[in-house]
Structure formats: C-alpha cells, structure tokens
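Start at 1 with the first residue, then count along the sequence.
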Amino acid sequence: MPLNTQLAGEQWRRYTYCRDVGHINYVNKANKCEAFFAGDQWDPADLTSLRQQRRPALTINKTLGVLSSILGEQIDLRTEIAFKARYGSPSGNADTLTKLFRFISDRNQLPWVRSELFTDGVITSRGYIDMRMDFTNSLTGDIVFSNINPRNVIPDPDAWEADPDKWKDVIVTKWLSANDIALFYNEADAKELKKRSSSQWAQGYDSIDTPRNRFGDAHASTFYPTDMDPTARMIRVLERQYRKLAKKKYFINVNTGDKKEIPDSWDRDRIAFTLQSSEGQLVVDEVLGEKIRWTVTADEFVLHDDWSPYRHFTIIPYFPYLRYGRTIGLVENLLGPQELLNKTTSQELHVVNTTANSGWKVKKGGLKNMTPDELEQRGAQTGLVMELDSMEDAEKITPNQIPQGLSELSRKSENYIKTVSMRGDAQMGMSRADVSADQIEANNAAGDVGLRKVLDNLARTDHLIARNALDLIQEFYTDARIMTITKNALTGEQEDVKINWPDPSTGEIQGDVTMGEYDIVVIQQTARQSLEASQFEQAVMLREKLGIPIPDEFIIENSNLINKTGMVAKMKEQAESPEAQMQHKMQVMAGQLELSEIKGKIAKEEADAVLKRAKAAKEIAATQETLNGPPGVEQEMELERQRAEQDMALQREKHEQEMQMQREKAALDAQIKIQQSREDARLKRAQAIMAARQQPADKPGQEKKAA
C-alpha cells in the first residue's frame, strides 16, 4: 500500500500509549515469573556480590515442582463442547455442529493448544489464542488456532472484563521477515522495509528487533546491513483490531423481535434468498453500530487497512484470576517464599562451610613446615600435619553452630510455598507410605479446591472459543462438505459428517449449519486414561455387587489392557459365529421353557387358591345352616348347583392349563430337537468334507464318495 504517515502515526501513538500505561509493567512481571519457573531466581547484582565473597548461591526450584503438578491437573481435565438448539432451530443441526467442532478441534490439536494457553496463564497471568480462517486448503476457509506470546498482545488498557467483545481494541505486535511481508502483504513494502537497519526513523528503537522470546539469545543487535538475510524476523509489525462506528445490516424477526447481524460477506442474492425462505418473518434493517476495523502497519508503511471479516476479535484471552483489569497468575505469589528458601538454604550451606574451615590462631614464626598463606589454603584438609616449636604456637578457632532460627526459617519457607500454592504433599505425589489410599484421595480432593477458580476461568475461555467458532462456521462454512471423525477410538470406527448437503429426494439441505441459534454447553471431565480407570472400577462394582448386566465389551474398553482393541474385535467375531448364534437360540428356548414352567406353576397355585376359596365358602354356608336352621328344598338345590358349577370350572381350568403347558413344552422340545439335528447334520457334513480334503489325491474313489 502507499505510504500513509498519518494513519501509521495514529497507530504508533496508540501502541505507545497502551504499552507505557501498563503493558511494560506486565512484561517485567511476566519475565520475572518465567525466570523463576525456569530456575533463574537470583538477582545478577546479588550473584556478583556473593561470588566476590566466595559464598554459595543455591537455587531450590520448588516453583517448577508446584507448577508441574498444577499443569498435570489441567492435562487430566479435558473439555467437551456441545451445542443445543434454541428458538426452533433443528436439533439435528445442533448434533452436526457438535461433531463439526470436534473435527475442527482434532484437526487443530486443540487440547495441546489449550495446555499451552493454560501454561502461559498460570505463569505470566495472561494467555492468548488466535482464532481465524485459513484459506490455504479451502476456498471457503478452515478454522485454525494458534498460541500467541502474551507479551506481544496488548489489550485495551481501559477495559476490565475478560470478554474481548467488551474491549475497544487489541494490538498484537510481532516480528516478521521481509519474505513474510512480501508473502502476506506486498513485495514493494517488503523491499523498502528490508533497507531499514537502524533506529533513525520516527518509530525509533521499537521499529527494529528488540529483546524478545525466541530460541536465540534474549538480546539482538539493532544494526543490520542493508543486504540482511530476508528470512530474519526483525521488522516489528503492529496489527490492531479496533471498533469503529459504521452502518450495519441486521435481520429482524417480526414475530419475536430478535435481531441478528448480517455478515459483510453476504451479497444481495443471499440476503434475498434468506428473506424469501423466512416466509415474511424476517426483514432487513440498517442501523448505526460498531464494526471491527483491521489495520496493520510497519514503521510508516500501512500494510493493510480494511473492515475485519469477523464479528469478534481474533484474540481469545485466558486469565487465571481477573480483578477489574488486574490479572494474577500462580507464580507471582510464590516469588517471595521461593527467594526466602533460596537465601536461607544458601546461608545454611555457608555456615556449614565455615564450620569445616573456621580458621587458626598461629604464633608468629611458630609454623615450621608451611607459611600462614599455605595454612589458609590447606587448613581444612584431612590429614593436615603442622610442624610447631610447641603445642601452644597454634590453636584452632572454635566454629559457630548453625543458628536454630535459620533452620526454622528454612522449614517455614517450604511451608509458605505449600500454603500459597495450596499444593501439599498429597497433591505433589509425596504422601507418606503409612497413609491410606482413601486418605490420599481425600487430601487430593481438598487440595483441588484451590484450583477451581483457575479451571472455571479456563472453562469460560472454552465458551469464548466455542462462541467465536460458531460464528465463523455459520459465516464461512457455507459449502457442502463431508468430514470424517473417529466415532470410537477403541475400535477405530469412523463416521462421515455431512454439512450443507442437498437431499435430492426432498430438495432440502441436510445439516445446514449456516442458520439457527444455539446454546453452548461446556463439559469438563477427566482425561481418557483417568476416566477409563474410574469407569472400569465402577463397571466391575455394578456387575459384581449389584448384579447389573454390564456388557463385557464395556469393561474391556475401559481397562488398561494392551491389546484391548483386538480383544473386543475377537469377541464380536465369536459372537457373530454360527455356533454362538445357535447357542444363543438354545439359551432363548431354554429360557422360554423355563418361563412356561413358571407360568404353569403360577396357574396351578391360582387354581389351588380358587379351590380353597370354594371350600371356605362351603364351610361358611354349613355354619350358617347350623345357626339359621336347615334350608328349604329350593335353597339346598341351588347350593348344590353352585357347588357343581364351581367344581366343574376348577377342573376345566386346571385341565386347560395342564394341556397348555404340555403343548408348549412339546413344541419347544420339538424345536430344540429339530435345530439340534440340523446342527448335527451340518457338523457331520463339514467333518466329512474336511476328512476328504485331508486324504491323498491318488484315491479318487474315496474323494468321490466324500463329495
């Protein structure tokens, strides 16, 4: 692009303002926390002074151990993203979106990206992910994630919230080579910027390579020859995304009043098609609102200046603790206890060293076989021999004992680290051998309380990732695609996911992810290995103690067996074999026979109960006859008739039940015999064929007979 000194100057002034009002202080804090994490924990001036005094400077890096256990907790905790349809959106599309996000996550190795994000956050108090579209392999684009050094990201200094939608701007400063600028922007600007080798330009020292994080040394020279290597990343580029007032188009639902922004990439035909498909429910309105402007500069060159194609900033933050714009990590509060531990331990070692060589008192001229300087050098050696005129000519100075308070202070410093980090021996995996497993589990659960807020803020970042990904999917994933995801990691079973796929039979679009509104569900669960161990124990307990029929495949799937995939496949193959199917049928028939016998017993018991009730009624009638006198002829005949009918009904019901039981049993027996005879015949034929194949080829008569 042509030179635009005014726009480049405005961008530079905004960058220097944001840098000087707080970002430099953050960078200094982040550098110190990184140094402590790496074990570089002594001030250079203190180290120089101690070396001059020949005193030790020990580094007992407890910070690395504490942070390693916390990072391990995060690795064991994974997040699943799911989408739920709302406002009448098809639920099937929500499932398709969930599978599509899983495909995007696997393709970008999002779990590792999140782990690096979490590491940046807990160490430096800030972590960032950049999410944007990449058009290398697709004309409509693919979503890509990348980690960004938090020192290179400058958020809005006037903001105080974690959601970038509440920020006015964000600046990313990065170093590019001349080749990068020629590839991403234009070659003419790259040639001009390649010639800049000193700080004589308006942007000063900050326009060319300065101290930064990389594989090389922390500092680099600010002077380069004009023919410098075009692959050297030494040109500072400022990439600013900021909100600016502009006219924006919205779809408005006349029934619900909902308003949704129309992407800038939509042309008139697509807007008209959407209005026609809504059957009068949507109208278009244009109002004044904020849009994202994207400007990229290097020195006074404007490399890019246009409206952003995205609804959100590409930067997604993670802050372990955020208090109204102030970010707090997990290392900065460990700096004091760590320094105290290093200094007290070094002082203890110094006292021990002085104990071994506390010094000598020597009478002048009393030494015969060495000089006082030699005694100073060799005075603490084992087997030292001094030649003296008398025993009173030399006396060893009594050394000072290690102060009790110094040892106590060293012990307290370790306890301070445990208290501040809320990571005790149980969380660090150093519990005593006499502590029970249940107590260790309880201690781990109690220690995890200190990480809940840190992990809850990570879940909020996951929600921001899913929200921005949903908008990118609905705006850019507009073409028909087929993606393959792994449905079952154990068996390797895969599934094809179709999005925006036209159905010729109905004329509708299957898996249309471009329309609809969806809620985001963030589910945190332990990693696969820890989850499998827990699932295995629970499945075995449910089947053995409660008798719940848990399938064998599920138990094997959640075990730690090496070849469990092949084992499950072998079990499925055996289950589908003819012998297994025959055995299953016989088991079903046996179960049916047993069920028939149970029904017969129940029917017999019911008949006996009816007979007992009839006898009881007869006895009651006899009792009434005794109390009220003999009945008349008609009453006696009626009673006899009723008794006869009851007896006949009971006999008939009992006979029918016995006949039914016999018929069912005979049918099952016949079916079992027929099936068994078929299997026997099939087995005999197979044996005959195998025997014929094993006989020598020079006996054609036998082969013919076997055939």
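- Ion pairing between a basic and an acidic side chain is recognised when a charged N comes within 4.0 Å of a carboxylate O; R132 and E239 show such pairing.
- Contact check for V122 versus L67: side-chain heavy atoms found under the 4.5 Å cut-off.
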* Asked: Do Q347 and R55 pass the side-chain contact (heavy atoms from CB on, under 4.5 Å) test, and can you show the C-alpha distance, the side-chain angles, and the key distance before you say yes or no?
  -> CA-CA 8 Å; Q347 184 65 17; R55 299 180 63 173; 2.5 Å; yes
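- Remark: K244 does not engage E290 in a salt bridge, criterion side-chain N to carboxylate O under 4.0 Å.
- Remark: the backbone N or O of I148 is not paired with any side-chain donor or acceptor of N152 at under 3.5 angstrom.
- Side chain to side chain, S308 and Q241 fail the donor-acceptor criterion of an N or O pair below 3.5 Å.
- Of all the heavy atoms in L117 and G127, the pair that sits closest is CD1-C, 3.2 Å.
- Formation of a donor-acceptor pair under 3.5 Å by the S105 side chain with backbone atoms of F101 is not found in this model.
- For the residue pair S49 and Q53, a side-chain donor N or O sits within less than 3.5 Å of a side-chain acceptor on the partner.
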* Would you please test E332 and C33 for side-chain contact (heavy atoms from CB on, under 4.5 Å) and show each step? => CA-CA 6 Å; E332 51 201 272; C33 292; 4.0 Å; yes
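- Using modelled atom types, no side-chain atom of D456 and backbone atom of R452 make a donor-acceptor pair closer than 3.5 Å.
- The closest donor-acceptor contact from the side chain of T461 to the backbone of P317 lies under 3.5 Å.
- At a cut-off of 3.5 Å, with distance as the only test, no side-chain donor of N179 or S177 sits close to an acceptor on the other residue.
- Atom CG in N333 sits 7.0 Å away from atom CD1 in I328 (nearest 0.5 Å).
- Taking a cutoff of 4.0 Å between a charged side-chain nitrogen and a carboxylate oxygen, D165 and R243 qualify as a salt bridge.
- Annotation: the span from T96 atom OG1 to L100 atom CG amounts to 8.5 Å, rounded to 0.5 Å.
- Rounding to the nearest 0.5 Å places CD1 of I75 at 11.0 Å from CH2 of W112.
- Residues H304 and Y185 meet the side-chain proximity criterion, which asks for heavy atoms closer than 4.5 Å.
- Between L50 and P56, the closest heavy-atom pair is CD1-O, 4.0 Å.
- At a threshold of 4.0 Å, the pair D169-R240 counts as salt-bridged, since one of the basic side-chain nitrogens sits closer than that to a carboxylate oxygen.
- Residue A85 comes nearest to Y518 through the heavy atom pair CA-CD2, 3.7 Å, listed as atom of the first residue, atom of the second, then distance.
- R236 and Y15 share a side-chain donor-acceptor pair at under 3.5 Å.
- Counting heavy atoms of neighbouring residues, nucleotides and ligands inside a 6.0 Å radius, atom OH of Y324 does not exceed 12 of them.
- The closest side-chain donor-acceptor pair between Y26 and T327, if any, does not fall under 3.5 angstrom.
- Put simply, the side chain of T419 does not reach to within 4.5 Å of the side chain of I417, judged on heavy atoms.
- When each of T119, V113, D130 is paired with N147, the side chain to side chain contact (heavy atoms under 4.5 Å, CB included) condition holds for V113 and for no other.
- Side chain to side chain, R311 and N468 fail the donor-acceptor criterion of an N or O pair below 3.5 Å.
- Residue K29 places its NZ atom among more than 12 non-hydrogen atoms of other residues, nucleotides or ligands, all under 6.0 Å distant.
- Put simply, the side chain of T16 gets close to the backbone of R13: a donor and an acceptor are under 3.5 Å apart.
- Within the 4.5 Å cutoff, side-chain heavy atoms of P309 are placed close to those of W294.
- Annotation for W307: atom CH2 counts as buried by contact number, over 12 foreign heavy atoms lying within 6.0 Å.
- Distance CE/M133 to OG1/T314: 13.0 Å, rounded to 0.5 Å.
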* Could you check K343 against E348 for salt bridge (Lys or Arg N to Asp or Glu O under 4.0 Å), going step by step and ending with a plain yes or no? => CA-CA 9 Å; K343 291 180 179 179; E348 284 184 302; over 6 Å; no
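- Under the 3.5 Å distance criterion, the side-chain polar atoms of W167 are left unmatched by any main-chain donor or acceptor of F313.
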* **side-chain contact (heavy atoms from CB on, under 4.5 Å) between L334 and V66, worked out** => CA-CA 10 Å; L334 294 175; V66 170; 4.3 Å; yes
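- Residues Y128 and F319 meet the side-chain proximity criterion, which asks for heavy atoms closer than 4.5 Å.
- Checked by atom type and distance alone, the side chain of T59 never pairs as donor or acceptor with a backbone atom of N61 at under 3.5 Å.
- When atom types are taken as modelled, the side chain of N108 and the backbone of I104 share a donor-acceptor pair closer than 3.5 angstrom.
- Here the shortest heavy-atom pairing between F103 and T484 reads CD1-O, 3.7 Å.
- A donor-acceptor contact shorter than 3.5 Å links the side chain of T344 to the backbone of L341.
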* **Intermediate values then yes/no, side-chain contact (heavy atoms from CB on, under 4.5 Å), Y318 and L464** => CA-CA 10 Å; Y318 165 63; L464 296 178; over 6 Å; no
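- The closest side-chain heavy-atom distance from W175 to I235 is not below 4.5 Å.
- Taking each heavy atom of P337 and V420 in turn, the nearest pair found is CG-CG2, 4.4 Å.
- Side-chain N or O atoms of Y310 include none that pairs as donor or acceptor with a backbone N or O of D471 at under 3.5 Å.
- Residues R114 and T79 have side chains that bring a donor and an acceptor to within less than 3.5 angstrom of each other.
- Inter-residue side-chain proximity for F36 and L64 is flagged as unmet; no heavy-atom pair is nearer than 4.5 Å.
- Atom CG in L330 sits 9.0 Å away from atom CG in L71 (nearest 0.5 Å).
- Of all non-hydrogen atoms in P157 and R14, the two that sit nearest each other are CD-NH2, 3.8 Å.
- Contact check for L58 versus N342: no side-chain heavy atoms found under the 4.5 Å cut-off.
- We find the CD1-NE2 distance between I465 and H463 to be 11.5 Å, quoted to the nearest 0.5 Å.
- Among E339, K32, Q338, the one residue that satisfies the side chain to side chain donor-acceptor pair (under 3.5 Å) test with Q41 is Q338.
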